[in-house]
Number of protein chains: 2
Amino acid sequence: MNDALERPELTDRLAALLGPKGLTTDAHDLAPWLTDWRGRYHGAAMAMVAPANTQELAEIVCLASETGTPIVPQGGNSGMVGGATPDSGGSALLLSTRRMNAIRAIDPAARTVVAEAGVVLQTLHEAVAAQGLRFPLTLGGKGSATVGGLVSTNAGGTQVLRHGTMRALVEGLEAVLPDGSIYNGLATLKKDNRGYDIRHLLVGAEGTLGIVTAATLKLVPALIDRAVVWAGVRSPLAARELLLMLEARAGREMEGFEIVPQRCLANVLHHIPGTRAPLASAHPWHVLIEFARDNAAAPPPQELAEALMAEAFERDLVQDAAISSSESQAEAFWKLRDSISEAERAEGPAMQHDISVPVADMARFIIEAGAEVENRFPGTEVAAFGHMGDGNVHFHVAAPRGSDRATWPEHPGKEISGFVHDLVVAAGGSISAEHGIGQMKRDELGRLSDPARLMALKAIKQAFDPKGIMNPGKLVPL
Amino acid sequence: MNDALERPELTDRLAALLGPKGLTTDAHDLAPWLTDWRGRYHGAAMAMVAPANTQELAEIVCLASETGTPIVPQGGNSGMVGGATPDSGGSALLLSTRRMNAIRAIDPAARTVVAEAGVVLQTLHEAVAAQGLRFPLTLGGKGSATVGGLVSTNAGGTQVLRHGTMRALVEGLEAVLPDGSIYNGLATLKKDNRGYDIRHLLVGAEGTLGIVTAATLKLVPALIDRAVVWAGVRSPLAARELLLMLEARAGREMEGFEIVPQRCLANVLHHIPGTRAPLASAHPWHVLIEFARDNAAAPPPQELAEALMAEAFERDLVQDAAISSSESQAEAFWKLRDSISEAERAEGPAMQHDISVPVADMARFIIEAGAEVENRFPGTEVAAFGHMGDGNVHFHVAAPRGSDRATWPEHPGKEISGFVHDLVVAAGGSISAEHGIGQMKRDELGRLSDPARLMALKAIKQAFDPKGIMNPGKLVPL
């Protein structure tokens, strides 16, 4: 274990290794990186290290291993579960990947890009767009989220319906393991059966088994055009029927299918400047659908949307619909969807749950679990919104009006979350669909996992990181 | 460790648990299962157990764990690397999944099937075909290969180009871990970030981390029609150009792209009754291409094949081509491809290497590595054939005529294999693309893996199976 005597010596060695650009010990400079962006978790660190390349990073890990110093890797610090915030002990090194931000190669023929861990998602989008290509994963935090963080959290977002989560887009990985060795798996082989799949083990491991330093990512052709539909529907069940119809008819031209309850739309229109309702009439539920094509032989999305919405209207699956007629209108529809969390924060306290159940069961779950929660905790209001096409919604429970922002999340907030998680487990679902476990859900994972899964998680962690230096306290239940 | 005193007691307990159908100790009955189908590996076992269900299997594992008894799981006993053959010590239990052969559920809406480990691939094909669906993985051993073996070896086959290997088709898993606990991951969640991905760890683990007992598998719509092309080409480089053209033009309608050198075709025509050459003219290389559709809106495969072959001919990428005009002709073309190994065995001894390199590099690799091997080992002839569209060929080195069948594979056979593997590693490739490691390639994996991968493999094995009872001696280098 690191102790007070060793600390100055370790810092000296890090300074010699990294130079002034690579080491920060000033408390003021460190502060912004020691709180998660939602302001829920606050930690301390002896220093922040920012290696310039994989070799330097490996040397830091060797030093940490030698001295038993905990390392907390951090990308854009925009995670949702406190996974990149150290504990309050102050003995950890915060390891920022920000300087490892090279795009090493773009291969247009193989449709791959090799990007270092610190590359910001938006930068990646722009770099590949310049070659007529697209990295088909996006999310609200694209201006700060990094490749390393996206890989380590197996990020989702709004294009999973067609393209899958990060796991489906990672074709190769480079990482530094907890003993300082470099795992070099960037070469993309379509078929490789040399034993246990290390790549899939590191994707979604939240930095607890090693630090992702670079990834080979799958690209797709750039979009030619898109059309975004905002439609009013009667219920989640109607939305589900609509989804089935569109999956059968639009197939790969449908890129996203999101559900939005009226409550969320009303909050957005109330709190977010410059927003307006897409439909003249009122509806209890809404769906946002994106049609897009990357192939000139496919039907134009605008025409496809018009034909399919006419059919859905005839089949009484939608009550009203607006189809974007310009890129700015498409963006305006997405802004309504993307502003839901911000508007909710302005409205008052709420408990958020990033959950999934089998896709076929989601509509019923939203209705039944929503009623159970509101019944059990009078005055609360449930708003379930998001990636219905993936069986994943953000199941938020808003406090009764007038609840205290400071105390309500603790009590009865935690009890509410436990209740929601129990319902999810009973439905065969997951208490973390896309945000990960971090420190926020670690204890709930321990409470709700079956023994075989817990055994496996702990055994893998112990095997890779016997000294427990890699992002300790995250993901693996104690 | 199991010893002579414990053995009768263990057998008694197994007999009580499993009944007469579930336990075989008779040497004559055991014999067929103690040699791999290629006849390369011979082992011994104290008994063969065949549990009727997951619970019985878990109890067997508990008993084995308690007594330190090695377990060797076996499906169809049609693996290529000795992965299901016990060692010669005789202390192992051979565990056959043959009685766990229920198809638990087919869900046409979700397009999934839940099949137990012992279900034979061909049976699975037929069961889902009866519902208008298709399980899009097939291979030569489909009459014996089982779901458990296909999952545990991450099987490939001839439809990987469009549908991926087994890994891409496994949506959920049930398994018994080495401590006897049951991992229940059959529910299919499109998004689930509850820590390390246990499913991807078990796929391809060759039974060394636990025993797969059932899987939820992805289905696709049944094929409407298909057309198979046999074309003569000048070289692997021309085949590569053709592949690129077809990927751009045929997209998802192309299901397979296989390369066959003249030597292999000649062997087949010579040794396999009822085969005939598809083309009148002679060509140094051949490709077999399958076009297929599962969607009536897609172009008919026959028309697509004719148009694309006309274009390829004009661009001088193919010299001649035959397009199947009936299902029996399509099957006749595939039979030529599928008989290559059988014809090769009739011809004489050869060293087989199931290798992959990045898809873009395969054509050059075939040419250059082939020349290097023939140059280094005069008299040998290299025949590289198979899944060129996946960057995976079977790189076979035939002995000089008159070589001794019994001794040549040992010397210089092993030296040749080492030489081939070195070339593969230098090209950034894999020494096991689809067959796995088993006992055959374990030492080569140890010789050729980088330290980080080896560390990870050993650590995972040790973590899951600290007693070393799960298929010992397979996959993980010592």
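Here is how names work: the chains are called A, B, and so on, in the same order as the sequence lines, proteins then strands, and each is numbered from 1.
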Check: B/Ser356 side chain, A/Leu189 main-chain N or O, donor-acceptor pair, under 3.5 Å | no
Assert top hit (heavy-atom pairs under 4.5 Å, partner chain B, pool A/Asp107, A/Thr208, A/Leu161, A/Asp354) equals A/Thr208
Contact part of B/Asp179 toward chain A, heavy-atom cut-off under 4.5 Å: side chain, backbone, both or neither?
-> side chain
Side chain / backbone / both / neither for A/Thr188 at chain B, heavy atoms under 4.5 Å | backbone
Answer key: most heavy-atom pairs under 4.5 Å with chain A among B/Lys441, B/Glu206, B/Met455 is B/Met455
Side-chain ion pair, B/Lys190 and A/Asp390, N-O less than 4.0 Å | no
Enclosure of B/Arg249 CZ (heavy-atom neighbours >12, cutoff 6.0 Å) | no
Within residues 448-463 of chain B or reaching into it, pairs that qualify as side chain to side chain donor-acceptor pair (under 3.5 Å) - sequence neighbours excluded | B/Lys461-B/Asp465
To the nearest 0.5 Å, how far apart are CG in A/Asn154 and CG in B/Asp192?
-> 9.5 Å
Is any residue of residues 194-203 of chain A within less than 4.5 Å of chain B by heavy atoms, and which ones?
-> A/Arg194, A/Gly195, A/Tyr196, A/Asp197, A/Ile198, A/His200, A/Leu201
Quick one: of B/Ala109, B/Ala433, B/Ala459, B/Ala463, who has the most non-hydrogen atom pairs under 4.5 Å with chain A?
-> B/Ala433
Chain A contact via B/Val176 - side chain, backbone, both or neither, heavy atoms under 4.5 Å = neither
Taking A/Gly391, A/Gly180, A/Ala456 one by one, which has the highest count of heavy-atom pairs under 4.5 Å against chain B?
-> A/Ala456
With rounding to the nearest 0.5 Å, note down the distance linking CZ in A/Arg167 to NZ in B/Lys191.
-> 13.0 Å
Part of B/Pro358 lying under 4.5 Å from any heavy atom of chain A | both
May I ask you to name which of A/Ile431, A/Asn184, A/Asn392, A/Leu244 has the most heavy-atom pairs under 4.5 Å with chain B?
-> A/Asn392
Under 4.5 Å from any heavy atom of chain A - which part of B/Ile182 = backbone
Where does B/Ala205 contact chain A at under 4.5 Å (heavy atoms): side chain, backbone, both or neither?
-> both
Report the option among B/Leu209, B/Val476, B/Ile355 that has the most heavy-atom pairs separated by less than 4.5 Å from atoms of chain A.
-> B/Leu209
Heavy-atom pair count under 4.5 Å with chain B, highest-scoring of A/Gly164, A/Gly429, A/Pro451 = A/Gly429
Can you tell which part of A/Ala360 gets under 4.5 Å to a heavy atom of chain B, answering side chain, backbone, both or neither?
-> neither
Identify the two heavy atoms, one from A/Gly428 and one from B/Ala187, that lie closest to each other, and give their separation to 0.1 Å.
-> O-CB, 4.1 Å
Any donor and acceptor pair, going by atom type alone, linking the side chain of A/Asn193 with main-chain N or O of B/Thr153 inside 3.5 Å?
-> yes
